[in-house]
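All residue numbers in this chain count up from 1 along the given sequence.
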Amino acid sequence: MEEFASCRYVNEASADRAEPLYEVDVTADGRRVAEAAAVMRVPIESCGQYGTCGECLSSGDPHCGWCVLHNMCSRKDRCERANEPYRFAATLSQCVKVTVYPDSIAVSEPSVPLLVTVSDVPDLSTGITCSFGNLTEVEGRVSGNQIMCVSPAAKDVPGHPYRPSARSPSPRPIRPVPRSRGQPNERGETPAWLGGPSMRRAKQTLVRRNWPLGSSGPSGRISRTHYCLLGANGLTVRPVFLDRGEKGGVGWCCGGAGPTGALFWWGGGGGFWALGQTRDQLGQLGPQQAGMDWFGVELRLNSKETGQMLTSTEVKFYNCSVHQLCLSCVNSAFRCHWCKYRNLCTHDPTSCSFQEGRVNASEDCPQLVRSEEILIPAGEVKPITLKARNLPQPQSGQRGYECVLHIQGVNHRVTALRFNSSSVQCQNSSYIYEGMKISELPVDFSVVWNGNFIIDNPEDIQVHLYKCAAQRDSCGMCLKAERKFQCGWCTGEGRCTLRHHCPAPTYASRWLDLSSKNVKCTNPRITEVTPMAGPPEGGTRVTIHGTNLGLAFSELVGNVEVAGVQCTPQEDGYIIAEQIVCEMDATPPESKPGPVQLCIGECKPELRARSSQLYSFVMPSVLALSPSRGPESGGTKVTIMGENLGAGSSVAVLFGNQTCEFYGRTMTEIVCYSAPSLTGVGSVHISVGVDRALVRESLVFQYIEDPTVQRIEPEWSIASGHTPLTVTGTNLDVVQEPRIRVKYAGRESVNVCKVLNTTTMSCYAPSLTSEYRPGLDSAKHADEFGFIFNNVQALLSYNNTNFVYYPNPYFEPLSASGVLEQKPGSPIILKGRNLVPPASGGVKLNYTVLIGETPCSVTVSETQLLCEPPNLTGQYKVLVQVGGLHVSPGAVHILSDSLLTLPAIVSIAAGGGLLLIIVIIVLIAYKRKSRENDLTLKRLQMQMDNLESRVALECKEAFAELQTDINELTSDLDRAGIPHLDYRTYAMRVLFPGIEDHPVLRELEVSGNGQLNVEKALKMFGQLINNKVFLLTFIRTLELQRSFSMRDRGNVASLIMTALQGKLEYATDVLKHLLSDLIEKNLESKNHPKLLLRRTESVAEKMLTNWFAFLLHKFLKECAGEPLFMLYCAIKQQMEKGPIDAITGEARYSLSEDKLIRQQIEYKTLILNCVNPDNENSPEIPVKVLNCDTITQVKEKILDAVYKNMPYSQRPRAVDMDLEWRQGRMARVVLQDEDITTKIENDWKRLNTLMHYQVSDRCVVALVPKQTSSYNIPPSASISRTSISRYVRTMRKPIGRRLSVEACSRSRPGGALFLLLLALFALPFISEPGRELGLVMQRGRETRGVYLIVRNDNDSSSSSATAIGTLSQAVMG
């Protein structure tokens, strides 16, 4: 057979466009055979993989050099003009070298010239551009080998990209520039070696843009969203390698296999993170804690000839203002200066003079100096004195010093006093912290001045707050405290405290501390004793726990007894006041159990303690052991069974002369691991010792030969492991926890085994790799393969096998979408490779395929796996299990055989889903509407409650004000009295209303000679009138006449009553007949009874009115007139407190609902000082008015105030007076309802008010007789009738309001007649004219009444009536 050697060539093109040539096989005799298979031709060099000149020329490749102006590693023949000087570098020394001066710039310095010196460069006469990262690009001025570049303007440089401050609350994000050659491609593929030379040039720059959040990449990829920030005091951006996904996890920077120094990187969520020397040191830091005051920007020199980068260097931009403390400022690596009076770090020394406290050295910084430890008892008022250096004296306008203590998350500020530049004292204050589990709390604090100027604390001086009582609830624990705390035990109060908090010492109370002599804590107590049993031979170390167990070890020597046996205290186990460890002496075996007793120093009752637990003496014994044999290499877990094996404090088990490694014990067994046999195979005696006691019974353990492994079947597995193995050997049954191990690439994996018999055990193969790698296509041998059999070292590495790991089976996806459509009963075919390992022996892999949770029967071939699915419908995940590999190639959707097709099912599901969505939306809308309605109801309820409270308050205030007004009104009426009319005037106003001079008041005057005849005729007519029959006939005859008007009837009735006023008995008899006729007539006409006496339409009704007037005069004058007049005055006064419409009479405080002003009117109460018209030199009269009152309304209120004690008929009328507004002695303005300033809106005139004239409070006014000026229009001018009629038509017809009035004497007889007379004659006694009395009578089934109606002629409509009140309820006949 011939042997062949193959040579492969690859074209210079890239692998994906490789040119197929031919294959040449060279035989043993030198013949070349051409085959049809295509091969590739590859170049012998690969210069393009190097990204920098140093990497290229240090690679050792003789074919590669650095093409300077093209910034690439290539062969010389591919570099343009390579023969010209310095265009092609062939040795490392020929690489371009660059220096820049200055190499650091303050971020606030604008456009600083930078001198860049380069060497080993070609001719640069074509021009150079200077590019500062992604910030700016400027033209460079070339002069030989020097280039002048101007740095970016201050507005283009970020102040500090990572500085969290009040002005910039979050770090400024960073963003990488586009990746250059040698970086991972867009798919995120990682280069062969992360720390290789291709990664060291992956420097990124900073720009002021948003952070680009990329999608999460797989583990072990170069991140596209995370970048390292390198450097101790600055930032240099590098790509980051993530250990886990891109959205989180620990990572390290490229440039080394692991982290070096302090590395900083940004997480996808924007967090600022830091890595230490190990990845476990991940912590969140800020830039100031990391000491970063600068960041680096790559300065690239770009050739205009090629457009490529010539070389690059780094320019540092530093920001001194990052430093908030003096020491960090002056210790910066840059030129930073500290202004101590401005608390500012700056790079510009001119902005901070020596007068402003410029500091350049750390020894000149204001700082605290360590002195003695600061101890402050919690709650105690104490000052804190601190030593310092260079403390500044606050200047004018600056605040003084303060101490700020940060106690459990809360800052406490205390005023401090600066003694001099080296001493400051926090004033007296107390400090408290929460919790009694903390006895001492170190507190961070700082000294500030001028509000927030912090004094440096380089030695991290802290204040230690402490509580004596915290965790010191006993005397011993209290006195055990360090002496620096000065705590002591107050015996009277039973607590640990400071001396001045303990009451004055008495017999029963005193303060104990260690400085006193012979101090002992009384009442010691034992809480726990271990162990509770031991052998009588002694040697048991008994541990006693308790309180107040002495303050010195010497107090316990010889004072401890256990069950009556002396126990010697051990100093190494003694804990002051808490624990005593003593060793038991020997005792006779028949000793009885007993308690532990001890004395502290002296055995006084108060210094003695006794345990509640009893200590007993027992004899340990052994009965058996399991197992009774094991390998001679040891490691067998042996259990020794017996009695009282848990007694004592220590146990020792010996296998011959070898100690069995103790594992644990109980009262019935001891567990230990056997030691290797020193004598080889054979039996050894086991001896057990408990403290000083030796167990007499003897047990035997058999050492046998170590187990061996002779064969492993099969000798292969897959990379994921967990395939079954059968191990054959000897003595395998003595192995208690057998395991199989494998080590590969530095990783060890272990799996379990199960012993079947002496010669056989079954194992599961360990996995070779920790994760599934589908690309592993070749068999691998483990670095180490062996077994863990107890302590048998020989089998840890088992070399008598050729165990092979084959690649894991790989399954192709079921479909491109991941879901395979399958008909019922059709087999599922899973395609893949490596399904059957190429191993001998006929052993195959055991595949399990799950469709959902149901397994299916499997048939395996080389490239596919056939699965007969169970009877299922629907979509299920397909899971393949083989060994330790669990992989899902996708899901399968098994169609249903039902009549419903997929479109029908989808339609039904869509319709149902839509209906469900609609129902849910309706429910949500209903719930939201219900919630809104509930909220609206609650809001309305709250508004109603508020309105009710407000109305109640207003009513209460109004009632109080009304009560005051009524008192004032009553007092005024008491002084002035009520102006009554005389009887004659009263009678004439009732009989002949509106007629001032009636003929009946004058003597009869007849012209000519007919005087006697007229008198005779009248006398005869008077006789006829006194005849009842004539008078009745006369009245009835007149009423039957059609021409007899209502006015005539009233005049006749008045004249008759005037004639008969001397004969009221006769007049009453006549009136009865007339009223009887009137009632019968009303019944015949079937009119409603309420209409009777409603209007004065008959002589009888008018006569009845006059009859009442005559009879009620005395009653009204003496009784009813005064309350009616007071009621009128009160109602008038109440209405005038609010606005009253001058046209319609509607009022804000009207008693009539129909006369209520509905709209809201803004008004204000004014007080006008009115000049007394009778005597201008007398004091002015204050008058309350409203700024919305018309001038006439103001005049009426002034007249009421000025002439309140004068009858209305004797007062001047408002229309006859003018209101004069006086300003000073000469300035006077006459105010009128209408003048040339009156406003007209849509043909409506608005009457002038005080607000119109802008009359203010306390102005002086006067009433003067009517006058006309050029300013005021004549009083005859009025609102047009059209306007008035339009206004009146919009108003509703008012209805009288009824007010109840009670008679002054309920005992007065008369009933309905009395009330009728009262209603008829009430109002004439009110002296104000222009008002008439109307009588309304009601009659119904349930109520009948008489109502008194007052009509005001001053109202614009004759029908507008204001009700005064209901006089009474009466039964009408």
Side-chain angles (χ1 to χ4, degrees), residues 713-726 749 751-752 754 762-777 779 804-906 908-909:
E713 293 179 350
E715 289 188 306
W716 60 269
S717 182
I718 59 175
S720 295
H722 212 72
T723 58
L725 304 176
T726 300
S749 178
N751 215 331
V752 297
K754 181 180 180 181
S762 63
C763 299
Y764 287 100
S767 61
L768 188 66
T769 58
S770 60
E771 59 185 12
Y772 172 54
R773 292 187 181 179
L776 186 63
D777 291 329
V804 177
Y805 278 94
Y806 291 105
N808 285 325
Y810 170 75
F811 294 94
E812 297 177 358
L814 290 175
S815 65
S817 62
V819 179
L820 176 65
E821 299 287 343
Q822 192 79 3
K823 293 182 179 180
S826 300
I828 300 172
I829 300 176
L830 304 176
K831 296 181 180 181
R833 61 179 183 270
N834 304 329
L835 302 185
V836 179
S840 60
V843 180
K844 294 184 179 181
L845 293 174
N846 184 19
Y847 285 91
T848 301
V849 179
L850 298 177
I851 309 299
E853 299 292 334
T854 307
C856 66
S857 59
V858 177
T859 303
V860 184
S861 64
E862 292 285 342
T863 59
Q864 66 182 20
L865 189 149
L866 186 66
C867 169
E868 296 291 339
N871 187 16
L872 297 172
T873 58
Q875 181 171 321
Y876 299 93
K877 181 181 178 181
V878 178
L879 181 64
V880 180
Q881 300 176 357
V882 52
L885 177 64
H886 296 71
V887 62
S888 175
V892 62
H893 183 238
I894 303 175
L895 303 177
S896 175
D897 289 334
S898 63
L899 298 177
L900 290 177
T901 61
L902 179 61
I905 295 175
V906 172
I908 293 174

Write down the atom of [X], the atom of [Y], and the distance for their closest heavy-atom approach.
| X | Y | answer |
| --- | --- | --- |
| Y806 | A779 | CD2-CB, 4.0 Å |
| G890 | L814 | C-CD1, 3.9 Å |
| P869 | I894 | CB-CD1, 4.5 Å |
| N751 | A765 | ND2-O, 3.2 Å |
| P766 | Y805 | O-OH, 2.7 Å |
| S861 | V836 | O-CG2, 3.5 Å |

- Query: Just by distance, do the side chain of N834 and the backbone of Y810 share a donor-acceptor pair under 3.5 Å?
  - Reply: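 Absent.
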- Between Y847 (side chain) and L835 (backbone), is there a donor-acceptor pair under 3.5 Å?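 Side chain of Y847 to backbone of L835: a pair is present.
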Less than 4.5 Å apart, any side-chain heavy atom of [X] and any of [Y]?
| X | Y | result |
| --- | --- | --- |
| V878 | V849 | yes |
| V860 | K844 | no |
| C856 | I828 | no |
| P870 | I851 | yes |

How far does [atom1] of [X] sit from [atom2] of [Y], to the nearest 0.5 angstrom?
| X | Y | atom1 | atom2 | answer |
| --- | --- | --- | --- | --- |
| N846 | H722 | CG | NE2 | 11.0 Å |
| L820 | Q875 | CG | CD | 10.5 Å |
| E821 | S826 | CD | OG | 12.0 Å |

- Message: Using the rule side-chain contact (heavy atoms from CB on, under 4.5 Å), only one of Q864, R833, K831 pairs with E812; which is it?
- Response: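 The passing option is K831.
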- Got more than 12 heavy atoms from elsewhere within 6.0 Å of OH, Y876?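 Counting neighbours around OH of Y876, more than 12 heavy atoms of other residues, nucleotides or ligands fall under 6.0 Å, so yes.
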- Message: side chain to side chain contact (heavy atoms under 4.5 Å, CB included), that's the test. Do F811 and L865 meet it? Break it down for me.
- Response: CA-CA 9 Å; F811 294 94; L865 189 149; 4.2 Å; yes
- What do the steps show when you test Q881 against L850 for side chain to side chain contact (heavy atoms under 4.5 Å, CB included), and what is the final call? CA-CA 8 Å; Q881 300 176 357; L850 298 177; 3.6 Å; yes
